[in-house]
Amino acid sequence: MASELRLDQLPSYAKLRELADKLRKIAIIEFLTVDAARACDFTCSAAGLQLDYSKQLIDRNTRETLWQLAAEAELPARIQDLLNGAEVNNTERRPALHTLLRAGGNGALADKYREVVATREAMRVSAEKLISGQHRGFTDAAITDVVNIGIGGSDLGPRLVTEALRPYQNSIACHYVANVDPADLQDTLLDLVPETTLFIVCSKSFRTEETLTNSLVARDWMRAAGASDSDLRRHFLAITTNLEAATEFGIPRENCLPMWDWVGGRYSVWSAIGLSCAIAVGWDNFQQFLAGAGAMDRHLAEAPIASNMPIMLSLLEVWNRNLLGAGNHAVLPYDQSLVRLPDFLQQLTMESNGKRVALDGGALDYPTGPVLWGSAGTMGQHSFHQLLHQGTELCPADFVLPLTTHTGMHKQHRRLVANCLAQSRALLLGRTEAMAKRSLLSRGYDEERATALAPHLAMPGNRPHNVISMQSLTPATLGALLALYEHRTYCSSVLWGVNAFDQWGVELGKEIGAQILTLLEDASRPSSMDPATNRLISEWRRAQAPEASE
Ligand SMILES: O=P(O)(O)OC[C@H]1O[C@](O)(CO)[C@@H](O)[C@@H]1O
């Protein structure tokens, strides 16, 4: 591991700085006009996906320099480290082997791979028992509903995949509960029947407050419906590395599927954490999902830097972040079934690369992972696109566009595609004040009013973005898409010199939360927090009805 890497000390970085100063004054449309081959050349394809980065603020020289930067950072060697099980998570002294979960055999990692294959088989059996109706509840009724209780990586990936693959959905309905707010579980249980409901407690650590709290309430709900302790085994499965805690909770070992410390939570949808997806869409489709990701892994490992899609996406991320100063990045899927993609990518990218020290612990004096946000088109167009087009914040974006629809409503789908391409073109071109004025005059405005309004209608354009397209959203292309973003995240972490696989920043809040809970549970305890927290604790205490403080 090159733990001493600093992005701004790589030889090409100084040249990129000069290029950024120069390119800021140029319109991207000029590149596309002057360079007839750009629209085709600034693309790459892999695993059923196409990346079009022709509308980024880079020219050919900059692209060469970015490739050079990747070579100087020894990105191909660092990618091999990841794939070969090197200790890329240096603070926790672990490899990060999510790629093994969707791989064929791998010599050096044979022991681990055997466990992966055995777990896949256990998942298949479990999913097929449920789908075929063989898995029965305590009254001998077949299970009809599965509730995944988990949070973060134990929720966002499975939830996204199940929702995105709804066209492949079979008869079992999968639901997701994450929040410790009792309303989340309560709302979900409202429509469910205990006798036909199965809970999957999904927690790598089996220590997460939200998941354990919700699981205890779910267990009480089952008991209240008449399930005895031994009946509960028909209604609870666990996915965890912590088998002891799961059995202590009352889930017997034979109902537990393993996880491993070498898979990070946000990279775990490919493991047994994805069991609810396999149940929702069936084993064959889940395998296709793994295969799509596996194809992207092979592309990452084998494609040269110049045509490597995850590397290119990462170089563009670093270019926009560090050289053009963009502090955020929007993801805009033009497909309703990908509505959860931004949520998933927020954890993936911000928990991975929201870091301020290098692998060696030294402080970094350049920015790292940007804020990621977004929503499905066309909803965002009627909300935040105003800022994308005319705001003062530079906000690079990825449009994600399946070219066909599963709905069978092709005529309406055309409108969605037209909107996506129109937004991309509007971000590229913008509109000058003179154009805005001409348009106003042609619409009957008088000279004075048109002059006054024109600056409000003018749009700078030149907003850099990618378009990631695919023939259709299938289990395989979805797998490839998620793997693409995983690899972009890793490549960017290498360039920034940070550890993408730890998340120490989430711990302090958990510790303080436990301390504050003791103060909320016992009103007689004096609160010795800071004055602002003390005041809010007092306010909360005053707001409670007498029975709530029991
Ligand atoms: O699967 P677990 O151990 O319950 O953790 C859930 C989530 O909590 C985190 O540890 C953050 O608090 C995430 O990294 C993880 O995905």
Side-chain angles (χ1 to χ4, degrees), residues 88-98 101 119 123 147-162 176-181 184-185 199-219 236-249 251 256-277 340-355 369 372 482 485-486 489-490 493 498-517:
V88 288
N89 180 352
N90 67 328
T91 61
E92 296 179 302
R93 300 193 166 162
R94 292 172 189 163
L97 278 169
H98 42 286
L101 301 169
T119 305
M123 283 173 77
V147 182
N148 187 87
I149 303 182
I151 198 164
S154 298
D155 167 70
L156 292 164
R159 193 192 286 257
L160 161 68
V161 172
T162 298
Y176 293 86
V177 171
N179 201 335
V180 78
D181 182 337
D184 196 4
L185 183 63
F199 293 95
I200 304 179
V201 184
C202 239
S203 178
K204 179 179 167 183
S205 61
F206 220 89
R207 275 198 289 266
T208 304
E209 182 195 11
E210 292 88 339
T211 303
L212 297 187
T213 307
N214 280 323
S215 300
L216 287 170
V217 177
R219 197 174 67 181
F236 280 88
L237 303 181
I239 319 293
T240 186
T241 56
N242 190 351
L243 294 174
E244 241 166 60
T247 38
E248 214 167 281
F249 176 90
I251 303 178
C256 296
L257 292 183
M259 254 285 273
W260 306 278
D261 64 3
W262 40 266
V263 179
R266 53 196 175 273
Y267 299 86
S268 67
V269 65
W270 325 97
S271 72
I273 294 286
L275 178 62
S276 59
C277 314
R340 300 273 179 188
L341 183 65
D343 290 354
F344 170 80
L345 293 180
Q346 274 181 342
Q347 189 202 15
L348 174 64
T349 63
M350 291 160 75
E351 205 172 65
S352 296
N353 287 338
K355 309 282 164 68
L372 187 145
L482 302 193
Y485 276 106
E486 285 181 351
T489 302
Y490 176 67
S493 79
V498 302
N499 180 350
F501 301 108
D502 60 11
Q503 59 283 320
W504 301 102
V506 303
E507 296 304 329
L508 179 62
K510 292 183 192 174
E511 282 166 32
I512 298 176
Q515 292 160 13
I516 292 182
L517 184 61

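Whatever order the structure lists them in is the order used to number ligands and atoms, beginning at 1. In what follows, residues are counted from 1 in the order of the sequence shown. Since the model is a prediction, treat every value here as computed from it, not as a measurement.
Applying the side chain to side chain donor-acceptor pair (under 3.5 Å) test to pairs two or more places apart or on separate chains, those with a residue in residues 207-219 are S205-T208.
In summary, the atoms of ligand 1 found under 4.0 Å from a heavy atom of T208, numbered by their order in the structure, are 2 (P), 3 (O), 4 (O), 5 (O). The atoms of ligand 1 that sit less than 4.0 Å from any heavy atom of I151 are 6 (C), 7 (C). Listed by number with element, the atoms of ligand 1 under 4.0 Å from a non-hydrogen atom of Q347 are 13 (C), 14 (O), 15 (C), 16 (O).
At least one N/O-N/O distance between G153 and ligand 1 falls below 3.5 Å. Residue S203 has at least one nitrogen or oxygen atom sitting less than 3.5 Å from a nitrogen or oxygen atom of ligand 1, judged on distance alone.
Under the 3.5 Å distance criterion, with hydrogens and angles disregarded, a donor-acceptor pair is assigned to the side chains of Y176 and T162. Of the N and O atoms on the side chains of W270 and E486, at least one donor lies less than 3.5 Å from an acceptor on the other residue.
At a heavy-atom distance under 4.0 Å, no atom of R207 approaches ligand 1.
Distances shorter than 4.0 angstrom occur between a heavy atom of K510 and an atom of ligand 1.
Below 30°, between 30° and 60°, or above 60°: for H98 and F501 the angle between ring planes is between 30° and 60°, a tilted geometry.
Between D261 and K204 there is no salt bridge, since no side-chain N of the basic residue sits under 4.0 Å from a carboxylate O of the acidic one.
For atom 3 (O) of ligand 1, the closest non-hydrogen atom of the protein is S205 OG, 2.6 Å.
None of T489, L97, L101 except one satisfies the side chain to side chain contact (heavy atoms under 4.5 Å, CB included) rule with Y267; the exception is T489.
The heavy atom nearest to atom 13 (C) of ligand 1, out of those in K204, E507, E351, is found in E351.
Side-chain N or O atoms of Q346 include one that pairs as donor or acceptor with a backbone N or O of L372 at under 3.5 Å.
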